[in-house]
Asks: 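Could you have a look at this structure, given as structure tokens, before my questions?
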Amino acid sequence: MSRPRVSRRTVLVVGLLVSLLVAGVVSFYASSHPDGLEYVAEKAGFLDTARDSAAADSPLADYSVRGVEDERLSVGLSGVVGVVVMAVLSTGLFWLLRRREPRE
Amino acid sequence: MHVPDGFLDAPTSVATAAVAVVGVGVALVKARNELDDRTAPMAGLVATFVFAAQMVNFPVGAGTSGHLLGGALAAVLVGPWTAILCLAVVVLVQALVMADGGITALGTNVTLLSLTAVAAGWLVFVAVRAVLPRRPASVVPAAAVAAFASVPLTAVVFTLLFSVGGIAPVAFDTLLAAMVSWHAVIGIGEAVITALVVASVVASRPDLVHGARPALAVRELEIRSGS
């Protein structure tokens with residue numbers, strides 16, 4: 001009845017590969033239309049109250065790598081770097097927070 | 001729905017920052033109960049996947065787009081307190097590294113995209129799960145409904161914040177109607193993505209899905225009593 005269990009490592013590896021694929025490749029095909037909030041803000045006439053973020057000079061600002069002209073490469077690289085940063089930061093945080101097994 | 005700098009005035013931004021600090025602080029304590037050697041790497045993966053998925057805006061007609069928020073998805077997969085931390089890390093990295101969402105608006109964005117989206121998603125999920133048959137498969141439709149609802153609910157909270165501290169004078173009713181209707185449409189995309197992801201994890205490893213635990217506990221008892 002029960003199928004062979006997929007190992008946890010497989011789940012993690014597949015999940016990470018999917019994340020890299022989504023951020024590194026699929027992201028290029030994302031819609032460039034304004035998102036719901038931007039659209040509503042524009043229609044309601046307050047989009048121009050938005051100010052540039054203090055991080056606007058970041059080398060990865062707006063999901064593109066400064067200096068990389070090819071847009072597909074630029075978006076994809078920024079996504080891959082973002083995924084690596086996220087994986088390290090969040091897994092590190094959760095690993096530190098986790099409940100340790102009761103000591104023997 | 002990332003709020004840029006400038007939309008909300010300073011007092012409101014300070015107030016939402018305080019809410020964000022308290023909310024994340026509580027989550028840091030409570031998440032310990034959800035995290036162990038098995039679930040901590042899963043939680044890291046969920047945060048990473050939500051970041052990746054948020055890069056992909058899907059069109060929702062009439063020149064607008066939306067992307068996954070992921071609050072309901074994360075809550076169902078790794079538990080609500082851990083999900084708050086997942087989304088907080090996503091929003092932090094987006095603001096600091098990608099300049100997506102303002103820096104002075106960081107507290108606002110954590111309040112909306114982490115605290116509100118996760119709380120709305122988790123509460124709706126628990127309510128729907130309670131009326132469905134107690135089996136792991138029920139987690140998928142419950143997660144889809146929760147994901148759908150979490151998007152317009154988060155839009156409502158944005159509208160409330162804007163009515164208190166918005167720089168521009170905009171009629172509350174008009175803004176509420178526009179925000180809720182567009183985000184209800186975006187919510188359909190949120191529901192589809194959430195259902196697909198939750199269904200794949202439930203199919204391969206239901207024991208790794210936080211929201212499936214009550215159903216699995218029942219099944220285990222049945223198996224034991226039958227042997």
Side-chain angles (χ1 to χ4, degrees), chain A residues 5-6 8 10-12 15-16 18-24 26-27 29-41 43-46 49-58 60-63 75 78-79 81-83 85-95 97-101, chain B residues 1-7 28 31-33 35-45 47-49 51-53 55-60 63-67 82 85-86 89-90 93 95-100 102-103 155 158 166-168 170 174-175 178-179 182-183 186 201 204-205 208:
Chain A
R5 245 157 78 113
V6 182
R8 230 166 19 97
T10 306
V11 173
L12 292 172
L16 187 61
V18 170
S19 302
L20 284 169
L21 194 71
V22 169
V26 183
S27 59
Y29 301 95
S31 165
S32 51
H33 287 310
D35 73 5
L37 174 59
E38 277 175 299
Y39 182 83
V40 170
K43 291 280 161 191
F46 66 88
T49 63
R51 297 279 160 264
D52 258 357
S53 161
D57 290 334
S58 155
L60 294 178
D62 292 323
Y63 302 94
V75 173
S78 80
V81 174
V83 160
V85 170
M86 279 300 306
V88 170
L89 263 187
S90 57
T91 309
L93 170 71
F94 296 129
W95 194 251
L97 281 179
R98 83 193 190 285
R99 249 181 5 254
R100 311 301 203 272
E101 298 305 320
Chain B
M1 212 188 299
H2 292 70
V3 179
D5 286 330
F7 270 17
L28 280 168
R32 292 185 67 93
N33 294 320
L35 293 165
D36 55 29
D37 287 5
R38 250 166 30 93
T39 55
M42 269 297 284
L45 173 61
T48 304
F49 175 79
F51 170 87
M55 281 185 71
V56 183
N57 280 55
F58 46 84
V60 290
T64 313
S65 71
H67 62 66
T82 305
L85 301 178
C86 287
V89 176
V90 169
V93 168
L96 297 182
V97 182
M98 308 295 183
D100 183 15
I103 304 264
F158 169 80
I167 289 288
V170 178
T174 323
L175 187 61
M179 281 299 287
W182 279 113
H183 287 92
I186 296 171
V201 188
S204 45
R205 284 292 296 265
L208 291 179

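Everything numeric in this text was worked out from a predicted model, so none of it was measured. A, B, ... follow the sequence lines: proteins, then strands. Residue 1 opens every chain.
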Asks: With chain A as the partner, which of A43(B), G66(B), A99(B), G63(B) has the greatest number of non-hydrogen pairs under 4.5 Å?
Replies: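 Winner by heavy-atom pair count: G63(B).
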Asks: What distance separates T64(B) OG1 from D35(A) CG, expressed to the nearest 0.5 Å?
Replies: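 Rounded to the nearest 0.5 Å, the OG1-CG separation comes out at 9.0 Å.
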Asks: At their closest point, which heavy atom of R98(A) faces which heavy atom of A40(B), and how far apart are they?
Replies: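 In this case the closest contact between R98(A) and A40(B) is CB-CB, 4.2 Å.
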Asks: What distance separates S58(A) OG from M98(B) CE, expressed to the nearest 0.5 Å?
Replies: 7.5 Å
Asks: Taking L60(A), L16(A), V88(A) one by one, which has the highest count of heavy-atom pairs under 4.5 Å against chain B?
Replies: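 Most pairs with chain B among the choices: L60(A).
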Asks: Hey, what do you get for CG (L208(B)) to CZ (R8(A)), rounding to the nearest 0.5 Å?
Replies: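 That separation rounds to 7.0 Å.
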Asks: Check whether any side-chain heavy atom of F46(A) lies under 4.5 Å from a side-chain heavy atom of L175(B), and answer yes or no.
Replies: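 Touching, per the 4.5 Å side-chain cut-off.
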Asks: Taking every non-hydrogen pair under 4.5 Å, which of I186(B), V90(B), V201(B) racks up the most with chain A?
Replies: V90(B)
Asks: Can you tell me which of M179(B), R205(B), H2(B), R38(B) forms the most heavy-atom pairs within a distance under 4.5 Å of chain A?
Replies: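 Of the options given, most contacts go to R205(B).
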Asks: Test your reading of the model: is there a side-chain donor-acceptor pair from S31(A) to the backbone of F58(B), 3.5 Å cut-off?
Replies: no
Asks: Under a 4.5 Å heavy-atom cut-off, does chain B meet the side chain of V22(A), its backbone, both or neither?
Replies: both
Asks: I need the N33(B) CG to L97(A) CG distance, nearest 0.5 Å.
Replies: 11.0 Å
Asks: Output the option from L45(B), V170(B), D100(B) having the highest count of non-hydrogen pairs under 4.5 Å with chain A.
Replies: L45(B)
Asks: Which atom pair, heavy atoms only, marks the closest approach of A50(A) to P4(B)?
Replies: CB-CG, 3.6 Å
Asks: Given the options V40(A), T10(A), T91(A), which has more heavy-atom pairs under 4.5 Å with chain B than any of the others?
Replies: V40(A)
Asks: Could you measure the distance from the CE atom of M86(A) to the SG atom of C86(B)? Nearest 0.5 Å is fine.
Replies: 7.5 Å
Asks: Begin from the C-alpha positions of R100(A) and D36(B) and carry the test side chain to side chain contact (heavy atoms under 4.5 Å, CB included) through to its verdict.
Replies: CA-CA 7 Å; R100(A) 311 301 203 272; D36(B) 55 29; over 6 Å; no
Asks: Taking all heavy atoms of S19(A) and all of A52(B), pick out the closest pair and write down the distance.
Replies: O-CB, 3.4 Å
Asks: Report which part of F94(A) has an atom under 4.5 Å of a heavy atom belonging to chain B: side chain, backbone, both, or neither.
Replies: both
Asks: Is chain B contacted by the side chain of L93(A), its backbone, both, or neither, given a heavy-atom distance below 4.5 Å?
Replies: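 Side chain only.
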Asks: Considering non-hydrogen atoms only, spot the tightest contact between D52(A) and D5(B) and give its length.
Replies: O-OD2, 4.1 Å
Asks: Which atom pair, heavy atoms only, marks the closest approach of D37(B) to W95(A)?
Replies: O-CZ3, 3.7 Å
Asks: Which one wins on heavy-atom pair count under 4.5 Å against chain A: A168(B), G102(B), S65(B), G166(B)?
Replies: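 It is S65(B).
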Asks: Please answer whether the main-chain N or O of R32(B) pairs with a side-chain N or O of R99(A) as donor and acceptor at a distance below 3.5 Å.
Replies: yes
Asks: Which region of T82(B), side chain (C-beta onward) or backbone (N, CA, C, O), has a non-hydrogen atom less than 4.5 Å from a non-hydrogen atom of chain A, or is it both or neither?
Replies: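 Contact with chain A is through both the backbone and side chain of T82(B).
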Asks: Mind telling me whether F51(B) and Y63(A) have parallel, tilted or perpendicular rings, with 30° and 60° as the class edges?
Replies: tilted
Asks: What part of V93(B) lies closer than 4.5 angstrom to a heavy atom of chain A: side chain, backbone, both or neither?
Replies: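 Looking at V93(B), just its side chain touches chain A.
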Asks: Could you look at A155(B) and say if it's the side chain, the backbone, both or neither that has a heavy atom under 4.5 Å from chain A?
Replies: neither
Asks: Closest approach of A55(A) and L96(B), non-hydrogen atoms and distance?
Replies: CB-O, 3.7 Å
Asks: Go through the atoms of V11(A) and report whether side chain, backbone, both or neither lie under 4.5 Å from a heavy atom of chain B.
Replies: both
Asks: Highest number of heavy-atom pairs under 4.5 Å with chain A: which of F158(B), F49(B), F7(B)?
Replies: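 Among the listed options, the one with the most contacts to chain A is F7(B).
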